[in-house]
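Excluded from the calculations below are hydrogen atoms, water molecules and symmetry mates; all remaining heavy atoms, backbone and side chain alike, are included. Per chain, numbering begins at 1; letters A, B, ... match sequence-line order.
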Amino acid sequence: MKANWNSLLLGLCAVFGALWGGGAGARDSAVIRASGHINIGVEPGLPPLGEYDDHNELAGYDVDIGRQIARGMGVEPRFVTLASSGRIPYLMAGKVDIVLGGLTLTPGRAEVIAFSRPLYSEQFAVITPADRGITSFADLESGVYRLIEVRGSTAVAYLQQRVPKARMLLLESYADAIRALAQGRGDAMVDVIEYVGHYLPSQPQVHWRIIRGFAPPVGDDCIGMSRQDVVLRGDVNRILNGMEHDGRLEQIHRRWFDPVVAERAP
Amino acid sequence: MTGLDFHPVFTRLLFLLGGVGVTVLIAGLAFVFGLLLAVGLAVLRFENQGTWRRLSRSYSTALTNTPQLSQIFAVFYCLPLMGVMVSPFLSVVIGMTLNAAAYLADILGAGMARVPAVYHEVALTLGLNRRQTYLRVILPYAGRTMFPALANHFQIMILGSAMASIFGVEDLTGRAYDIGSTTFRVLEVMLVTGGLYALLSFALTGVFSLFRRTMERMV
């Protein structure tokens, strides 16, 4: 229990120095091709973008898109699972070469990573238990209601700007946020209904109210990658353009999003 | 050079430092309440041979063999199922208190077992009742003997309180995550936060050493 300040300073300097001097960065496209595989970040807790299927295999929109990108580059896809808050850090630390997981293009994010062309547009909805009495987005402006959001999601910044008085409880995952909302820890959540809708049936005792149409499309969902590698960005965009041209992009979107809209979201 | 940029973190340093107080408060409250509960558990163990002793031991076994995260999770999500709603801050304090009590009871129990028999005889000779014997003889001796272990556990609790952020508490780690999610400089903010935890831990070590030296001089 002896305080040794010299050891502490030395240890901190060693950690900072090692990271400052020689830390890892994202691999460039030449290295990716030479290695024969591409590391793709996906979030398994965000259906329909990513989830584990009945055979405990990763599946979802992002997984299909990732496979197509790998195929287009002539390499093998290697999926790396991560959480919302880990998407950009994983990319910046070089743990993944590209990242999906509902990554919305925002000016702030564009300062640190590069984005592909859009995959699709997202739109926010208010998700609230009907008995809380929230009938419109404007109700949230009063600051009376407590919001539950997922840390690192685009909705947090959107709400801080649109409803600055609203109190917010930030949790780590959509499953936690919906459970907490159902238990009464908060009154509403604002997020993309296509993502959150999957979790609502897990709380069948709650009569959910979904309020849409208060916001314009909040942004484009893209693939994130290193800002330095222009070649990789060109490759990814070329593959996505090809997929749009031959209908694969639309097909994958329909496969994963149509059932959500039709069956899962109340 | 890896492109590390600490500027966005340093401009939010005051906000980050505000989390230090929350971290110390969570760990401090949980330690104090955990210690009170631990005294009860240790006395049960010391005074009884039968059911109460087994119950006290079972409590420690159960809580030292399950993750603290699961225990806080249970308080945070299970209590509302029984109609009891406590705030995220209180949920974390309760969860950490229950966990700390299990470890501290083991530490205090070991300290109480080391009280020399002659101390008990002296207490008896002086006509002290059991309560007075505990308060004036056994617990002070056990506390002094086990002080390093108790202080180490408090430091572990300071570092372990980082999991409060998972439950939406704006402690040091929670604020670090907030800064990371808005600036995307997660590596930088986590390095600074790690440094702050290290400084906090070392400062506490200094305080505990000073406290111990003072205590020894008073005896």
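- Side-chain contact check for B:F73 versus A:D176: some heavy-atom pair is nearer than 4.5 Å.
- Side-chain N or O atoms of B:R185 include none that pairs as donor or acceptor with a backbone N or O of A:V112 at under 3.5 Å.
- Enclosure of atom CZ in A:R167 by more than 12 non-hydrogen atoms of other residues, nucleotides or ligands within 6.0 angstrom is indicated.
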key: Step-by-step side chain to side chain contact (heavy atoms under 4.5 Å, CB included) determination, A:M92 to B:L187   = CA-CA 9 Å; A:M92 292 175 78; B:L187 187 58; over 6 Å; no

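- Other residues, nucleotides and ligands contribute over 12 non-hydrogen atoms within 6.0 Å of the CD atom of A:E141.
- Proximity to chain B involves both the backbone and the side chain of A:L170, based on heavy atoms less than 4.5 angstrom apart.
- A:G152 and B:S181 get closest at one heavy-atom pair: CA-CB, 3.8 Å.
- Residues A:L169 and B:P88 form a side-chain contact, since some pair of their non-hydrogen atoms from C-beta on lies under 4.5 Å apart.
- Annotation for B:F15: atom CZ counts as buried by contact number, over 12 foreign heavy atoms lying within 6.0 Å.
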Audit row: B:S91, A:R185, side chain to side chain contact (heavy atoms under 4.5 Å, CB included) steps and yes/no = CA-CA 12 Å; B:S91 299; A:R185 288 196 174 279; 3.7 Å; yes

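- For B:S87, the part lying near chain A is the backbone, with the side chain staying farther off; criterion is any non-hydrogen pair under 4.5 Å.
- Both the backbone and the side chain of A:L171 come within contact range of chain B, each with at least one heavy atom under 4.5 Å from a heavy atom of that chain.
- No cation-pi contact links A:R109 to B:F184, judged by a cut-off of 6.0 Å to the six-membered ring centre and 45° from its axis.
- Of all non-hydrogen atoms in B:Y77 and A:R179, the two that sit nearest each other are CD2-CD, 3.4 Å.
- Surrounding OH of B:Y177 are at most 12 heavy atoms belonging to other residues, nucleotides or ligands under 6.0 Å away.
- At a threshold of 4.5 Å between non-hydrogen side-chain atoms, the residues B:L81 and A:Q183 count as touching.
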